[in-house]
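In what follows, a structure is listed as structure tokens, so that the remarks can point back to it.
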Amino acid sequence: MTFSIETYGCQMNYAESASVVELLRSRGWTQNEDAKAADLVIINTCSVRITAETRVFGRIAHYTGLKKKRKFVLIVMGCMAQRLHDEFPTRFPGVDYAVGMFERDIFSDLFVAIEAGATYVPTEEKPVNEYYFSPTSHQAGAFQSFIPIMNGCNNFCSYCIVPYVRGREVSRNLDEIIKEIAFLEDRGVREITLLGQNVNSYCYTDSDTGKVYDFPALLELVARTIEKRGIIRWIRFMSSHPKDFSDSLIDIIAREPAVCSLVHLPVQHGSTRILEAMNRKYTREDYLSLVGRIRERIPGVNISTDILMGFPGETEEDVEETLSLIRTVGYDAAFMYHYNPREGTAAYTLENRIPEPVKKERLARVIKLQHGIAQERMKSRVGSEVVVLIESVSRNNPDELFGHTELGDMVVFSGKHDHRLLGQFVQAHITGLRGRTFRAKIVIIEPD
Ligand code: SF4
């Protein structure tokens, strides 16, 4: 039988889609990129922004129409399946199953039923705060893999739907994380990203020793674990809440060569007044002081962020504060978006909403400034020597190879190259920059 899956939203969703793909493959299913011919279509959804939900409504309508022409099973999973769970049978009759965030452990039974041509009937109600971590999120053949280490969020930023759809924070069992690392090493993975809505909230107590592992302790343990076999060489993590980014975490990044010098530190806004309305629990000054400590102790660190413009009550002065914060920090990259009210969140009822054209104009100014800064920072790296993990053949030219640097920069190696270099670390000389992709020449292939 064949399946097709489409994914919207954050890295957690991509990791969770990969775990469903892995489960289906282990049951003998084949992935079919052409959803028009698949026996099973899965849509993994996001509720964070209204635009993501609107797209999925369109996709559901498309597949519902397709069902009039041929028979297949349609599953919706992820945040929308959780948020609109009880509405699915009446509102979206074309969807056969809506699998909410806390029902992910039903997938095995669900697939058994689909394989038998039967209807799946759930057997028990799940407690709302339980979360199932699948054994692996690895995509076959990939040299990079996500490892979810926690799920959910307790922060309740006033604009954000995540705590309502993913629930409270649940940390993954430490032994399972270590087992997954061994599994990924066996599959030739070279780089891992520890994933969670707020990785700094990781907290796990070893029942044998009573030792409590917070995120810096986990990161250190993961660094010691991968050192033994030397197959995985880079560790990344995301996302971090600035209020929880401790000095001990800065020390670990500075001290452990395997932990990439890359910090994603969502600021959301540059005005303390707006940060307070967002319930972010730090001020502009707190944030800038944290950035200062990070830059001081991790030379050459790459800092990226998320910025949300057009929050209710935002003034021109607040916009100026955001622009000045962007200039002060000098971000290497940023995800920038404008505010959309999400029903059920604290900010939904706030007055002083910013008109749509004004939000868009403010966002455009932020994007223009940030793109200019990022471009300058990238240009300054031309001529330098970097280490690159070669991960695939270039999409545009099958002779060329493609990879990423430790700082996450994309690199293409021009000219004809041996495909046996895939999965290798190489030292490279950056020769140029096209858009946001560097061109480079291989200097030395690093020994394994
Ligand atoms: S920290 Fe805030 S923005 Fe991030 S997931 Fe939690 S509530 Fe949402």
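Quantities reported herein were computed from a predicted structural model and do not represent experimental measurements. When a ligand or atom number is given, it counts from 1 through the structure's own listing order.
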Nearest protein heavy-atom contact for atom 3 (S) of ligand 1: which residue, which atom, what distance?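 Among all protein heavy atoms, the one nearest atom 3 (S) of ligand 1 is Y159 OH, 3.4 Å.
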
Does this structure show an ion pair linking R229 with D186, if we count only N-O contacts that are shorter than 4.0 Å?
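Between D186 and R229 there is a salt bridge, with a charged N closer than 4.0 Å to a carboxylate O.
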
Hey, does the Lys NZ or Arg CZ of [X] hover above the aromatic six-ring of [Y], less than 6.0 Å from the centre and inside 45° of the axis?
X: R353; Y: Y348; value: yes
X: R49; Y: Y337; value: yes
X: K211; Y: Y213; value: yes

Q. How long is the gap from CD on E22 to OG on S134, to the nearest 0.5 Å?
A.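 One finds 8.5 Å between CD of E22 and OG of S134.
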
- Heavy-atom closest contact (C10 atom, R166 atom, distance):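 Scanning both residues, the minimum pair turns out to be SG-NH2, 4.5 Å.
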
ask   = Which protein N, O or S atoms sit under 2.8 Å from atom 2 (Fe) of ligand 1?
value =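 Checking every protein N, O and S atom gives C157 SG.
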
